[in-house]
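Just so it is clear, the values below take in all heavy atoms, side chains as well, and ignore hydrogens, waters and symmetry mates. Read the numbers this way: they start at 1 and go in the same order the structure lists the ligands and their atoms.
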Amino acid sequence: MFIDEAKIEVRAGKGGDGIISFRRDKFVAKGGPDGGDGGNGGSIFIAVSLRMTTLSDYRRQKLFKAESGQNGGRNNRRGKSGEDLVLDFPQGTIIKKQIQGTDPCIKIDLARVRPLQKIEIAQGGKGGHGNSWFKSSTNQTPRNRQLGRKGEKFILELELKLLADAGIVGLPNSGKSTLLSRLTHARPKIADYPFTTLEPNLGVLDFSEFGLGKKSLVLADIPGLIEGAYQGKGLGDRFLRHIERCKVLIHIIDGTSDNVVRDYKTIINELKRYSPKLAKKKQIVVLNKIDAISEKDLAKKIIELKKYSPIPISAVTGKGIKGLLLHPHLVGG
Ligand SMILES: Nc1nc2c(ncn2[C@@H]2O[C@H](COP(=O)(O)OP(=O)(O)OP(=O)(O)O)[C@@H](O)[C@H]2O)c(=O)[nH]1
Ligand SMILES: [Mg+2]
């Protein structure tokens, strides 16, 4: 299941307590202090996993605890430290870390974190000193010791914003998923009814497969938008967050529609309502399904959309695809 929001709690381990103890040696009448220190509590780290594409791992389990340190022992034995815990997240995750009850305070964007890099998010508590640590020339039999410190704990608000170079937007049924499957090895569900795509699909566009050099881009196909998506109509606009970080949008218009300009404007309005920044992104307007309309109809629709420099294609037959790939926003972007 595609999950792009979650809230979890992380609790680092408590430090182990130092203990009070004195040597009881057969041959030493009055042994000195030998209470060991407690071990440190385990810390919690975050890391990026390229294999994860959703936050579904955080849907059920909400509380993550690292192990506590063990108490110190006799004979100056130090307690064992608690194991650290590493939590993996998909690459586009944004984590808001808040101390319980207060507003989000620290934002960590995992898009900037390299895979294999670990970042400490909650530090384990330090182990306390045992009484032998307090021994001094003036105090040979210390009766004090420290308790282990508590580990840090935080609420983490998780939000996933997929990392794609280009986002495919359009009305339902316009051919977004068909285009993704034409350009990449992704195999999203395609069908002749609206809202076939229920969650974003990603694919890698390898220009070399089209004889166009070495470049590659990640494409995101998102569920179709309809008028009022910003009010929650259809599947709403919640998937638009996944194209917020794209450099360019591929805006698909169904060439068989009887009003391509209205269709274009519907999408632009929904993008604007969601975020003016999104609506201002570089856009490539594509007129799809040209195999299904007459040449005359095609010429008319191209003129209607002239202001937006539409690229006519057929995602099904592949016609015009090279022209699309050669668009400066894709090749140069
Ligand atoms: N004739 C023709 N049909 C097409 C073309 N591209 C897509 N289609 C058809 O249009 C229908 C919808 O295609 P999809 O790719 O599922 O459309 P979508 O935009 O992803 O739709 P949603 O996921 O529901 O938003 C399918 O029946 C496709 O076969 C095309 O270039 N020519
Ligand atoms: Mg689709």
Checklist entry - Does Ala292, backbone or side chain, put an N or O under 3.5 Å from an N or O of ligand 1? => result no
Checklist entry - Taking heavy atoms and a distance under 4.0 Å, where does Ser314 meet ligand 1: side chain, backbone, both or neither? => result both
Item to check | Pro188, portion touching ligand 1 at heavy-atom distance under 4.0 Å | outcome: neither
Protein contact to [atom] [nearest heavy atom, distance to 0.1 Å]:
atom: atom 31 (O) of ligand 1; result: Ala315 N, 2.9 Å
atom: atom 13 (O) of ligand 1; result: Thr178 OG1, 3.4 Å
atom: atom 17 (O) of ligand 1; result: Gly175 N, 3.1 Å
atom: atom 6 (N) of ligand 1; result: Asn288 ND2, 3.2 Å
atom: atom 22 (P) of ligand 1; result: Asn173 N, 3.6 Å
atom: atom 5 (C) of ligand 1; result: Val316 CG2, 3.3 Å
atom: atom 16 (O) of ligand 1; result: Ala191 N, 3.3 Å
atom: atom 23 (O) of ligand 1; result: Thr197 OG1, 2.8 Å

Need the ligand 1 atom indices (1-based, order shown) with element for anything under 4.0 Å from a heavy-atom of [X].
X: Ser174; answer: 17 (O), 19 (O)
X: Pro194; answer: 24 (O)
X: Thr196; answer: 22 (P), 23 (O), 24 (O)
X: Tyr193; answer: 24 (O)
X: Gly224; answer: 25 (O)
X: Lys176; answer: 15 (O), 17 (O), 18 (P), 19 (O), 20 (O), 21 (O), 22 (P), 25 (O)

Item to check | Close side-chain approach of Met52 to Asp57, heavy-atom, < 4.5 Å | outcome: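 Counting from C-beta outward, Met52 and Asp57 do come under 4.5 Å.
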Do the side-chain N and O atoms of [X] and [Y] include a donor-acceptor pair separated by under 3.5 angstrom?
X: Glu209; Y: His185; answer: yes
X: Asp221; Y: Ser177; answer: yes
X: Ser132; Y: Asp34; answer: no

Next on the checklist: Using a 3.5 Å distance criterion without hydrogens, assess whether the side chain of Lys14 forms a donor-acceptor pair with backbone atoms of Glu67.
Outcome noted: no
Checklist entry - Counting only N and O atoms by type, is there a donor-acceptor contact under 3.5 Å from the side chain of Thr184 to the main-chain atoms of Leu180? => result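 Indeed, once roles are kept as given, a pair shorter than 3.5 Å links the two residues.
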Shortest non-hydrogen separation from [X] to [Y] and the atoms involved:
X: Val331; Y: Leu325; value: CG2-O, 2.6 Å
X: Glu304; Y: Val261; value: O-CG2, 3.5 Å
X: Pro172; Y: Lys176; value: CA-NZ, 3.8 Å
X: Ala122; Y: Ala12; value: O-CB, 3.6 Å
X: Pro223; Y: Phe239; value: CG-CD1, 3.5 Å

Checklist entry - Out of Ile293, Val169, Asp291, who gets a non-hydrogen atom closest to atom 32 (N) of ligand 1? => result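 The nearest heavy atom belongs to Asp291.
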Item to check | Apex the Mg ion (ligand 2); atoms Thr197 OG1 and Ser177 OG; angle rounded to 10 degrees | outcome: 90°
Checklist entry - Should the heavy atoms of other residues, nucleotides or ligands under 6.0 Å from CZ of Arg149 be counted, would the total exceed 12? => result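 Result for CZ/Arg149: open.
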